[in-house]
Amino acid sequence: MRRWLPFAVLAAAAAFPLVARPLGWDFYIGFASRIMIYALAASSLNLVLGYGGMVSFGHAAFVGAGAYTVAVLMAEGVASAWVAWPLAVALAGALAAAIGAVCLRTRGVYFIMITLAFAQMIYYIAVGMRAYGGEEGLNLPTRSQLGFGLDLKDDVTFYYLVLAILAAALYALRRTVGARFGRVIEAIRENETRMDAIGFPTYRYKLVCFALGGALAGLAGALLANQNSYVNPNLLYWTQSGTLMIMVILGGVGYLYGGVLGAVALLVLEEVVSGYTIHWQLGVGAVMLAIVLFAPRGLAGLAQGRRDG
Amino acid sequence: MSGILLLEQSLNGLQFGLMLFLLAAGLTLVFGIMDMINLAHGSLYMVGAFLAATFVDLTGSFWLAVALALAGTALVGMALEVSVLRRLYARDHLSQVLATFALILVANETVRIVWGPQLPLAAPPALAGPVEIVPGLQYSSYRLVIIAVGLAVAAALYFAIARTRVGMLVRAGASNREMAVAMGVNIKRLFTIVFGCAAALCAVAGAMLGPILAVQVGMGENILILAFVVIVIGGIGSIRGALVGALLVGVVDTMGRAFLPHLLRQFLRADLAGALGPALASILIYVLMAAILFWKPQGLFPARG
């Protein structure tokens, strides 16, 4: 059952606009795109946090770096997705490599705090960029241009592009964590001293993992800027890093689909509860608290635990 | 840059640093003794400020209100510890982050439902005016009182930790929890007491800073991160480290904001300096923290040696 489930979900996701558009649910097509973008961002954090065991509390910085790359380039007149998106990925990856190189010297709680510190620095840099909106943020005049007769301003086209990118990223993640690299990363998470003693360059492996996660987050950021047609420094604030972390923990740390499950669960929960009351945060908080107390391994762990039992 | 201005900004830094210390002291104890990341610490600060504003309305006396808010927040803190947080001590840091992040959401919304998004809280009228502390420097008397309160609480805390029996147990718990349990310390009760004290310290900071900053929903999130920076700089679990870290952060942050834009103007074009200055000033404390962790990965005063 487990083998075909991802394909069934993919097929359902691919069919969704075909049903939604005639029914006039255009809002939900955009909402689904947003969920998938957050699923991508959360999955990139899951690589670092779940597989690599590095509790990074500054992941929003890399998402923000990707988003700002697209927005700033567009403000300067470069709208091509083929230029802006790879650059967003490269910039976020390079940023992650630089920050990781310093942060990975520390351990445990100190690692959590120093990644947070760097993310806050990037946040204040974004606030300080007055030429690009400063605290107010920056409106994107249009969405990135893809060519090939595809118009990303059409929400359905954009939806399919995001879906394709998410599916490709998840496939790549699956291959990565299944490959030797992924095995080494997981082994380092379990026992770094031992891996070091065997002769693996643990620091380098962790740094590569951290940079990969950052680069993927940059891609999510580039998509997010297009989805919202707007960037502002709040994308990089520490509560955003917290939200991404919550998605991963909620979905299941170190499960391939943990990030996706968590993003779907959290965003749908927010949407549903906010339909009933303006005090939706109370309901979301209460549900999150219940999940921590009663489903310690997240939603993916819950499903798996039931199957194994 | 005159000496008067320097003195004024130093006092501002001292005042902010001491209030940060009140938050950081509780946070570092909870972190050090219970090995618990409590993101909801800022929520207790918020609750303290809202309670103080309410009691000022009811009683008409600022100081009575502060005392009542302190007691009330301590009760809220202890109730929280007994009902939720106690179940999280044995769990990993990730679960604690998730649970206490959830508590932030719950606390913010509960406060919004009970009090609304913000409350007015003014300094007591007797302290509204400035006083002249040295010729040529008019300094807010309320800020001076904050400094005095901060110093008094810091001294009391030092006495409690260094000289009393509970303080001894707290130090034992911070340096080696398993050993403290093995020696027969009732760690459960100790945790509840420590949490209540941490909440009370939050309330003092919230009530005192309320008239200067604003009493509003979300006020805890901004200052929480600063408090975390403080305890990481000082070394987790160390009260002395928290004091040094808090003063360092308070002074560096205040000085940076006051003088960095001015300093940059010496080297850069005015418009560039104006844009860069505030951003650089905000970044300064994070640079400080990253630098300290780079050279001293355990902070300045590691509690566990």
Side-chain angles (χ1 to χ4, degrees), chain A residues 49-50 55 57 99 102-103 105-131 134-135 237-239 242-243 245-250 253 262 277-294 296-298, chain B residues 31 35 37 39 84 87-88 91-110 112-113 217-218 221-222 224-226 228-229 231-233 235-236 271 274-299:
Chain A
L49 193 158
V55 185
F57 206 163
I99 290 177
V102 177
C103 296
R105 291 169 51 94
T106 60
R107 297 263 170 286
V109 171
Y110 293 96
F111 179 79
I112 304 181
M113 297 319 296
I114 197 168
T115 46
L116 174 67
F118 274 106
Q120 286 293 93
M121 288 184 214
I122 310 288
Y123 165 77
Y124 284 113
I125 289 175
V127 171
M129 292 200 303
R130 286 206 198 148
E135 220 163 330
Y237 198 54
W238 74 270
T239 48
T243 306
M245 213 168 179
I246 299 306
M247 286 177 180
V248 174
I249 303 169
L250 203 59
V253 175
T277 162
I278 53 162
H279 300 295
W280 57 271
Q281 287 193 349
L282 191 63
V284 172
V287 171
M288 269 161 55
L289 206 55
I291 288 177
V292 188
L293 293 177
F294 303 115
R297 286 186 299 155
Chain B
F31 215 150
D35 197 24
I37 299 186
L39 294 182
V84 178
R87 298 160 201 268
L88 296 169
R91 304 279 291 277
D92 58 356
H93 284 148
L94 278 180
S95 304
Q96 295 168 354
V97 166
L98 178 56
T100 51
F101 196 88
L103 279 179
I104 293 183
L105 296 182
V106 172
N108 277 349
E109 277 315 309
T110 310
R112 210 192 302 268
I113 291 169
V217 170
E221 276 92 291
N222 296 325
L224 171 76
I225 294 302
L226 286 182
F228 268 115
V229 168
I231 70 170
V232 168
I233 286 179
I236 290 165
D271 56 331
L276 215 57
L280 271 184
S282 315
I283 291 174
L284 216 53
I285 52 163
Y286 298 105
V287 175
L288 177 76
M289 167 171 152
I292 285 178
L293 282 188
F294 189 80
W295 279 290
K296 298 201 69 144
Q298 298 283 306

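The analysis underlying the following values was restricted to heavy atoms, covering all of them including side chains, and did not include hydrogens, waters or symmetry mates. Every chain is numbered from 1, with letters handed out A, B, ... down the list of sequences.
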S.K.: Side chain to side chain contact (heavy atoms under 4.5 Å, CB included) for B:Phe228 and B:Phe31? Distances and angles first, verdict last.
M.R.: CA-CA 10 Å; B:Phe228 268 115; B:Phe31 215 150; 3.7 Å; yes
S.K.: Between A:Val248 and chain B, with a heavy-atom cut-off of 4.5 Å, which part of the residue counts as in contact: side chain, backbone, both or neither?
M.R.: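 Neither part; nothing is under 4.5 Å.
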S.K.: Check the angle between the aromatic planes of A:Tyr123 and A:Tyr237 and answer parallel, tilted or perpendicular using the 30° and 60° thresholds.
M.R.: tilted
S.K.: If you tally heavy-atom pairs under 4.5 Å against chain A, which of B:Met289, B:Arg87, B:Arg91 wins?
M.R.: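 Among B:Met289, B:Arg87, B:Arg91, the one with the most close pairs to chain A is B:Arg91.
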S.K.: Measuring from A:Leu116:CG to A:Cys103:SG, what's the distance to the nearest 0.5 Å?
M.R.: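 Between A:Leu116 CG and A:Cys103 SG, I get 10.0 Å after rounding to 0.5 Å.
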S.K.: Please list, chain by chain and in numerical order, all residues satisfying side chain to side chain contact (heavy atoms under 4.5 Å, CB included) with A:Arg105, sequence neighbours excluded.
M.R.: B:Phe294
S.K.: Checking heavy atoms, do the side chain of B:Ile231, its backbone, both or neither come under 4.5 Å from chain A?
M.R.: neither
S.K.: Name the option with the most non-hydrogen atom pairs under 4.5 Å to chain A; the candidates are B:Leu284, B:Asn222, B:Ile37.
M.R.: B:Asn222
S.K.: Where does A:Val127 contact chain B at under 4.5 Å (heavy atoms): side chain, backbone, both or neither?
M.R.: neither
S.K.: Between B:Leu39, B:Ile225, B:Val232, which shows the greatest number of heavy-atom pairs under 4.5 Å with chain A?
M.R.: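 Max contact count across the listed options: B:Ile225.
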S.K.: Checking A:Ile122 against chain B: side chain, backbone, both or neither under 4.5 Å from a heavy atom?
M.R.: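 Contact with chain B involves no heavy atom of A:Ile122 at all.
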S.K.: Quick one: which residue pairs count as a side-chain hydrogen bond (donor to acceptor under 3.5 Å, both in side chains) with a foot in residues 112-121 of chain A, not counting sequence neighbours?
M.R.: A:Gln120-B:Tyr286
S.K.: Can you see whether B:Asn108 engages B:Glu221 through a side-chain donor-acceptor pair at a distance of less than 3.5 angstrom?
M.R.: yes
S.K.: Of the backbone (N, CA, C, O) and the side chain (C-beta and beyond), which part of B:Leu224 lies under 4.5 Å from a heavy atom of chain A, both, or neither?
M.R.: side chain
S.K.: Please flag which part of A:Ile291 lies under 4.5 Å from any non-hydrogen atom of chain B: side chain, backbone, both or neither.
M.R.: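 It is neither, since no heavy atom gets under 4.5 Å.
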S.K.: Using a cut-off of under 4.5 Å on heavy-atom pairs, state which of A:Met288, A:Gln281, A:Met245 scores highest against chain B.
M.R.: A:Gln281
S.K.: Can any side-chain N or O of A:Tyr110 pair as donor or acceptor with the backbone N or O of B:Gln298 at less than 3.5 Å?
M.R.: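 Side chain of A:Tyr110 to backbone of B:Gln298, a donor-acceptor pair under 3.5 Å: yes, one is there.
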